[in-house]
Amino acid sequence: MTAFESRPARIALTRRSLLAGGAALTAAQTLPGALAFAAAPPAAGLEATPLTAGRARAHLLEPGAPETELWGFGGSVPGPVLRVRQGEELAILLQNDLEQPTAVHWHGIRIDNAMDGVVGLTQEAIAPGTSFEYRFTPPDAGTFWYHSHNRSWEQMARGLYGLLIVEEPDAPEVDRELLLVADDWRLDEIGAIHEESLGSLRDASHAGRLGNVLTLNSKDFLEESIAPGERLRLRLCNTANARILALEFTGHRPWTIAVDGQPVTPRPLDGPLTLAPGQRADLILDGTGEPGSRHAILAHTGGQTLEIGALNYAQEPRRDAADLGPVPALPPSKIPTPRLEGAREIRLVMEGGAMGRMQSARLGEEELAIRDLVERGYAWSFNGIAGRPTDPWVSARQGETLVAEIVNETAWPHVIHTHGHHFLTLEADGSLPADPVWRDGVLLEREETKKIAFVADNPGRWLIHCHMLEHQAAGMVTWFEVT
Ligand code: C2O
Ligand code: CU
């Protein structure tokens with residue numbers, strides 16, 4: 001048993017990279033053609049719960065250090081945990097008390113398109129001082145999250161996100177749930193959000209906005225107690241703008257029971273759990289430690305290992321850990337399995353970024369050289385197009401299976417997120433995985449290619465983008481249509 005000292009989870013960041021801000025990125029790009037959006041559905045049944053986007057503050061640094069002024073939902077960061085039972089309607093009246101327009105995306109929910117929160121594609125931005133009613137019934141149980149989807153590179157860097165939990169009708173029995181939201185923050189010397197570098201094109205063309213302070217649940221070091229023999233369900237979410245994290249619960253061997261809000265066959269973790277921005281996992285962690293022992297929670301990231309929290313064992317056992325039964329499986333996912341035969345094959349080729357080979361890309365009607373793209377705040381392209389195009393990447397008939405080959409021709413990792421749909425990652429030989437893992441975000445390492453497959457069964461206009469938010473803002477975004 002190792003005793004770990006608690007110390008602030010500071011990430012080394014050179015002064016140069018902190019201060020080298022570049023040209024500001026353009027704000028959320030809107031489609032050239034005017035789009036008509038359906039009016040909010042008439043309020044049916046239950047009254048909407050008010051939720052405000054506005055100012056918030058949190059103590060992100062070590063005890064004694066100043067608080068940080070943030071933006072948050074419901075005055076807190078993370079925002080309030082929204083819980084709904086599977087099959088029940090969620091109704092939220094979003095009030096915008098910010099000084100800039102916003103919109104809320106319900107990440108991972110196979111949602112009604114009009115409620116998806118994408119400015120310029122599914123709704124108009126919610127102007128300061130106005131409100132918008134979100135109303136939908138999540139089809140799947142699991143760990144999801146909600147976040148700003150307007151200027152998300154700024155609004156999420158300032159804290160506009162929270163967890164959305166959809167409960168299974170018969171959830172597996174555990175003693176307690178532990179929600180763990182991991183984020184990194186770029187703070188200046190006095191603990192304030194480093195504003196000068198918001199929208200830095202240097203960040204956008206490299207790894208994105210990486211912070212210098214890492215937190216769990218907005219705490220610089222999370223102390224959690226656990227009883228010997230206790231069974232916990234952990235719900236983990238990486239809400240960072242761009243940082244890939246690998247989390248480790250030392251002294252324990254948790255089992256994964258869900259990934260990106262969808263159940264998987266329970267499997268033990270053989271090493272740290274990698275979560276790219278936007279990704280989630282549900283783990284079962286059994287209290288197998290000794291009474292009074294202490295075990296670090298580690299984050300491996302960017303070549304460093306940081307202690308970001310600890311599990312502290314009580315003296316009094318809950319039960320004999322040996323009496324804990326096998327790890328329970330969640331009820332299986334309801335997502336239709338794609339049929340690869342006769343599927344439509346498409347490609348998504350990512351180019352650009354620092355040390356990339358991209359020479360030019362289309363922006364609107366023009367083909368621009370890399371120099372001119374950068375001048376307008378773009379550094380990346382999907383299939384030769386920078387930013388969200390007027391025409392969809394693909395237009396699918398409802399029920400059609402799409403097999404997309406995603407090709408990372410850049411020197412950087414990216415996490416590709418689909419709206420309204422989860423997908424399977426195919427095996428190297430192009431076959432369906434024997435043991436399916438449904439995801440709404442897939443990580444591709446530099447120069448890596450993966451094939452994903454899904455049934456385009458949710459009608460509407462759906463965004464697909466890199467969830468490294470600066471990459472999204474600097475070009476890595478397109479959309480597909482299901483009619
Ligand atoms: Cu969580 Cu379009 O993203
Ligand atoms: Cu990216």
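Counting starts at 1 for both ligands and their atoms, in listed order.
- For the salt bridge (charged side-chain N to carboxylate O under 4.0 Å, His left out) test, no residue two or more places apart in sequence or in another chain qualifies with R371.
- In terms of distance to atom 2 (Cu) of ligand 1, the nearest N, O or S atom of H465 is named NE2.
- Aromatic ring pairs are classed by plane angle as parallel below 30°, tilted from 30° to 60° and perpendicular above 60°; the pair H467 and H147 is perpendicular.
- A salt bridge links R280 to D440: at least one charged side-chain nitrogen sits closer than 4.0 Å to a carboxylate oxygen.
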Show me the side-chain donor-acceptor pairs of residues 69-76 shorter than 3.5 Å, one per line, residues at least two apart or across chains.
{"unit_1": "E69", "atom_1": "OE2", "unit_2": "R57", "atom_2": "NH2", "d": "2.5"}
{"unit_1": "S76", "atom_1": "OG", "unit_2": "P78", "atom_2": "O", "d": "2.9"}

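- Excluding waters, the protein N/O/S atoms found under 2.8 Å from the Cu ion (ligand 2) are H414 ND1, C466 SG, H471 ND1.
- Applying the side-chain contact (heavy atoms from CB on, under 4.5 Å) test between L245 and each of D184, T274, D183, L214 identifies L214 as the sole match.
- Ionic pairing of E405 and K451 is not present here: no N-O contact between side-chain nitrogen and carboxylate oxygen is shorter than 4.0 angstrom.
- Around atom 1 (Cu) of ligand 1, the protein atoms of type N, O or S that sit closer than 2.8 Å are H107 ND1, H147 NE2, H467 NE2.
- Remark: R362 does not engage E366 in a salt bridge, criterion side-chain N to carboxylate O under 4.0 Å.
- Across all their heavy atoms, A453 and L426 have their closest contact at CB-CD2, 3.9 Å.
- No donor-acceptor contact under 3.5 angstrom links the side chains of H149 and S152, judged on distance only.
- One finds a salt bridge joining E168 and R233 here, because a Lys/Arg side-chain nitrogen approaches an Asp/Glu carboxylate oxygen to under 4.0 Å.
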